[in-house]
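In this chain, numbering begins with 1 at the start of the sequence shown.
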Amino acid sequence: MGRVITIGQLARYVGVSTKTIRVYHDKGLLPEPERDASGYRRYDAGHAIDLIKIRTLAESGVPLARIRELRDAPEEEFQLALRQIDADLTSRIRGLRATQERLAELADGRLLAIPAEVRTHLQQLPRLGFSERWVALQADLWILVYATHPDTAPALFHDQAQLLADPVHREMFLDYDHAHDLDPHDPRIDQLARRAVQATRARYGTGDLPGQDPGSAIPALIQSAINASSAAWARIDALIREQLGLPGS
């Protein structure tokens with residue numbers, strides 16, 4: 001009959017766990033020997049060779065579902081299947097590397113959903129005096145705008161970047177940022193709203209304002225998010241809309 005060994009010995013010799021061997025039994029990859037008179041399964045050299053082949057294929061990335069058919073496949077079919085598995089693994093590796101690169105960029109604080117020029121703009125805001133709250137809000141809003149309106153988002157961004165490049169407009173935006181925690185009925189709220197209306201009329205006249213797309217719900221959604229974060233900001237928005245004759249957000 002030849003020498004036989006226990007499942008524990010087989011596992012140690014081949015370098016797998018007994019649990020792994022039982023999984024291979026359950027999946028029909030490794031024939032399960034009969035039990036001896038003592039109730040133990042005894043494995044011979046053939047089992048060890050089969051197990052080494054299975055382990056080698058599994059460690060090479062071959063799915064268990066394919067190992068059984070590959071073990072019994074003709075050489076040409078075996079080589080073709082291995083080449084296909086290799087191609088699939090190469091594709092997965094590329095995908096994992098791309099994911100790893102995105103994670104590294106996110107760890108560096110870079111937002112991949114918006115262009116590099118927007119990221120650079122956001123990084124400069126704290127140096128101009130804007131709060132972390134304002135920067136985070138702007139980042140989220142630009143992500144939304146670029147995702148939903150990729151054709152018009154660049155023009156909207158450049159318009160805002162030009163505004164912030166002007167000291168007068170920048171001061172107004174800074175005051176808006178710092179008004180976040182003011183009482184909605186603070187006199188400074190009315191003053192800020194009037195300044196915003198004057199600046200809007202001076203820059204855009206009486207024509208349509210940037211980002212006011214009547215066919216899109218996104219502008220209202222954005223303004224709603226802004227207003228929800230501050231009662232003072234909501235009051236400013238209401239005053240501006242009232243004075244410009246715009247519909248409510």
Side-chain angles (χ1 to χ4, degrees), residues 11 14-24 26-30 51-71 73 77-128 130-161 164 177 211 213 216-226 228-229:
V14 177
V16 298
S17 67
T18 57
K19 181 179 179 180
T20 296
I21 295 175
R22 292 191 178 96
V23 169
Y24 292 162
D26 292 340
K27 292 185 177 296
L29 299 177
L30 182 68
L51 181 57
I52 290 171
K53 291 179 179 179
I54 295 168
R55 184 204 64 188
T56 302
L57 289 170
E59 290 178 347
S60 299
V62 180
L64 294 184
R66 300 210 56 192
I67 289 179
R68 183 176 181 180
E69 61 182 87
L70 287 180
R71 285 180 56 233
E77 182 181 338
F78 180 81
Q79 294 298 330
L80 179 63
L82 287 186
R83 286 195 293 272
Q84 181 58 55
I85 292 169
D86 180 67
D88 292 342
L89 285 173
T90 300
S91 177
R92 287 172 54 194
I93 289 170
R94 281 198 298 266
L96 288 171
R97 284 176 176 166
T99 299
Q100 193 175 44
E101 290 174 1
R102 288 195 294 270
L103 289 173
E105 290 179 327
L106 286 173
D108 289 340
R110 284 173 282 177
L111 299 169
L112 306 184
I114 51 181
E117 63 177 346
V118 181
R119 295 198 299 268
T120 300
H121 168 78
L122 293 172
Q123 291 168 356
Q124 294 172 347
L125 292 181
R127 292 195 292 271
L128 295 175
F130 288 95
S131 66
E132 292 183 5
R133 175 192 58 242
W134 179 269
V135 176
L137 176 64
Q138 291 293 308
D140 288 343
L141 296 183
W142 283 121
I143 288 173
L144 180 59
V145 172
Y146 270 88
T148 57
H149 292 71
D151 295 334
T152 57
L156 290 173
F157 167 71
H158 291 144
D159 181 70
Q160 186 179 100
L164 289 180
D177 175 17
D213 181 1
S216 172
I218 296 301
L221 190 67
I222 290 175
Q223 191 60 55
S224 175
I226 295 173
S229 66

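Remark: side-chain polar atoms of S229 are paired, donor with acceptor, to backbone N or O of I226 under 3.5 angstrom. R55 places a side-chain N or O within donor-acceptor distance of the main-chain N or O of V14, the cut-off being under 3.5 Å. With hydrogens and angles disregarded, a donor-acceptor distance shorter than 3.5 Å links the side chain of R133 to the backbone of D177. A donor-acceptor pair under 3.5 Å links the side-chain atoms of H158 to the main chain of P154, judged by distance alone.
Smallest separation of non-hydrogen atoms from L64 and L29: O-CD2, 3.7 Å. Scanning both residues, A11 and S17, for their nearest heavy atoms gives CB-C, 4.0 Å. Here the closest non-hydrogen pair linking Y146 and F157 is OH-CB, 3.6 Å. Across Q160 and Q138, no two heavy atoms sit closer than the pair OE1-OE1, 3.1 Å.
Tested against I54, the residues T20, L30, V62, I21 include a single side chain to side chain contact (heavy atoms under 4.5 Å, CB included) partner, L30.
Every residue was checked against the salt bridge (Lys or Arg N to Asp or Glu O under 4.0 Å) condition with R92, not counting sequence neighbours, and none meets it.
In E132, the CD atom is not crowded: 12 or fewer heavy atoms of neighbouring residues, nucleotides or ligands sit closer than 6.0 Å.
Taken from CG in L156 to CG in D151, the straight-line distance is 11.0 Å, to the nearest 0.5 Å. How far CG of L122 is from CD of E117: 11.0 Å, rounded to the nearest 0.5 Å. The distance from the CD1 atom of I52 to the CG atom of L57 is 12.0 Å, given to the nearest 0.5 Å. Between the OG1 atom in T120 and the CG atom in L125 there is a gap of 11.0 Å [rounded to 0.5 Å].
A 4.5 Å side-chain heavy-atom check between L80 and R83 finds at least one atom pair inside the cut-off.
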* To do: Go through the steps for D86 and L82 under the test side-chain contact (heavy atoms from CB on, under 4.5 Å), then give the verdict.
  => CA-CA 6 Å; D86 180 67; L82 287 186; over 6 Å; no

* To do: Begin from the C-alpha positions of H121 and L164 and carry the test side-chain contact (heavy atoms from CB on, under 4.5 Å) through to its verdict.
  => CA-CA 10 Å; H121 168 78; L164 289 180; 3.4 Å; yes

